[in-house]
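Keep in mind that this is a model prediction, so the values were computed, not measured. First listed ligand is number 1; within each ligand, the first listed atom is number 1.
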Amino acid sequence: MINLPLNIDYTGKVVVITGAGGLICGAMARAFAQSGAKVAALDLNEATVKALADELTSEGFICKGYSANVLDKDALESVHQMVLNDLGTCDILVNGAGGNNPRATTDNEYQHEAKEGGKSFFDLSPEGVDFVFKLNFQGTLLPTQVFAKDMVDKKNGCILNISSMNAYTPLTKIPAYSAAKAGISNFTQWLATHFAGTGIRCNAIAPGFLVSAQNRSLLFNEDGTPTPRSAKILKGTPMDRYVDASELLGATLFLCDDRSASAITGVVLPIDCGFASYSGV
Ligand code: NAD
């Protein structure tokens, strides 16, 4: 059980979450399930969502895990059928699957610091860049095409996308991921407008830096002190700390609730300890 920041009753609502095997969306799946929702947890990694579903079910909540690739529309249609049979029509879609890839990352922050043998901007492969754009953009568009049909039919629903603070100002080394997330912020506004007459709202959160199992050793030395990169990040963060995944849950539950956020659509909410607001001076 986690301590929820908001008590909103989602009883009866079917919440479909992609990337639910991961850090952020796993926490969201739990938050919705604890709030009474019927959660469909989708992920490329079937084992993680099955384990999450087993854990939540054993605690008395409703969650089913599904193997799903957000880039395979036919497979998503099949998962949609399974969700319809198991839980019912989709009320809320969280497009959480996404991320960067080393193939779209430069070794150097600035071209004048590029080293012989390192991967510079000029070495980024079209395939690597394409992978990141596809995962983040198509990986949001395709599940929306599949699951938002239910919402159009019932003239009610909510979509929550996950952008990033790098959508406002790009981070060094990751041009494709930054641009793809800027695309997600833009697409969130597009969807909000497109669906406004159907009763569907669409918003996004833009998380700042989180500490995860994958990046912990890049951010902290063994004695717990920040690495040079971490010190730089914290210097650019007015609140001088990282965001915890649990701190995304209040906004998630709020934005997806029809009563609390009935007039809110097309919003991209930074949750970044001030990172995107600070000019550095
Ligand atoms: P994570 O790596 O912990 O989780 C991502 C999940 O997506 C994984 O379980 C992975 O298996 C799944 N996935 C990857 N490709 C998939 C595909 N093709 N189909 C279905 N599932 C797929 O990442 P996270 O940190 O929890 O990130 C979740 C979202 O938040 C992402 O969109 C990410 O870009 C965004 N985000 C993360 C941070 C951060 O600091 N962690 C900051 C801003 C935004």
Tell me which one of I17, I162, I205 satisfies side chain to side chain contact (heavy atoms under 4.5 Å, CB included) with T252. I205
Taking atom types as modelled, is there a side-chain donor on S120 or D107 under 3.5 Å from an acceptor on the other? no
Among all protein heavy atoms, pick out the one at the shortest distance from atom 43 (C) of ligand 1; state its residue, atom name and that distance to 0.1 Å. P207 O, 3.4 Å
Which residue and non-hydrogen atom of the protein lie closest to atom 40 (O) of ligand 1, and at what distance in Å? L210 N, 3.3 Å
Look at atom NZ of K235 and say whether more than 12 heavy atoms of other residues, nucleotides or ligands are closer to it than 6.0 Å. no
Before signing off on this row, confirm whether L71 and ligand 1 have an N or O atom pair separated by under 3.5 Å. no
So is there a nitrogen or oxygen of C25 less than 3.5 Å from a nitrogen or oxygen in ligand 1? no
Counting only heavy atoms closer than 4.0 Å, does ligand 1 sit against the backbone of L135, its side chain, both, or neither? side chain
Below 4.0 Å from ligand 1: does a non-hydrogen atom of S163 turn up there or not? yes
Taking only residues two or more places apart in sequence or in another chain, which ones pass salt bridge (charged side-chain N to carboxylate O under 4.0 Å, His left out) with R201? D258
Under 30°, 30 to 60°, or over 60°: which ring-plane class applies to Y10 and F32, parallel, tilted or perpendicular? perpendicular
Run the numbers for me: atoms of ligand 1, each under 4.0 Å from some heavy atom of G19, listed by number. 6 (C), 7 (O)
Min over V70, L248, D43, D72 of heavy-atom distance to atom 12 (C) of ligand 1 lands on D43
Taking atom 16 (C) of ligand 1 as the point of reference, which of I24, L142, V132, L44 owns the nearest heavy atom? L44
Nearest to atom 3 (O) of ligand 1, what protein heavy atom do you find, and at what distance? L23 N, 2.9 Å
Between ligand 1 and I162, can you find any atom pair, the residue atom being a heavy atom, that is separated by under 4.0 Å? yes
Kindly state if atom 18 (N) of ligand 1 has a protein heavy atom within a strict 4.0 Å cut-off, that is, under 4.0 Å? yes
Nearest to atom 2 (O) of ligand 1, what protein heavy atom do you find, and at what distance? Q214 NE2, 3.9 Å
Number the atoms of ligand 1 from 1 as they appear, then name those within less than 4.0 Å of a heavy atom of Y177, with their elements. 33 (C), 34 (O), 35 (C), 36 (N), 44 (C)
Evaluate the side-chain proximity of K38 to K13: yes if any heavy-atom separation is below 4.5 Å, no if none is. no
E59 with R30: basic N within carboxylate O range, under 4.0 Å: yes
Ligand 1 to S164 polar contact by distance, N or O atoms, under 3.5 Å: no
Does atom CG of N7 have more than 12 heavy-atom neighbours from other groups under 6.0 Å away? no
Of the listed options G96, A20, G208, G22, closest to atom 28 (C) of ligand 1 (non-hydrogen atoms): G96
Carboxylate-amine/guanidinium proximity below 4.0 Å for E247 and R241: yes
By number and element, which atoms of ligand 1 are closer than 4.0 Å to a non-hydrogen atom of N69? 17 (C), 18 (N), 19 (N)
Enumerate the atoms of ligand 1 whose separation from the nearest heavy atom of G99 is less than 4.0 angstrom. 34 (O)
Backbone N or O of K173 within a donor-acceptor pair of the E109 side chain at under 3.5 Å? no
Per-atom contacts, ligand 1 versus A68 - under 4.0 Å to a heavy atom: 19 (N), 20 (C)
At a non-hydrogen distance cut-off of under 4.0 Å, which region of K181 contacts ligand 1 (side chain, backbone, both, or neither)? side chain
Testing N136, N161, N186 one by one against K181 for a side chain to side chain donor-acceptor pair (under 3.5 Å), which residue passes? N136
With Y242, which of D272, I233, N215 fulfils side chain to side chain contact (heavy atoms under 4.5 Å, CB included)? I233
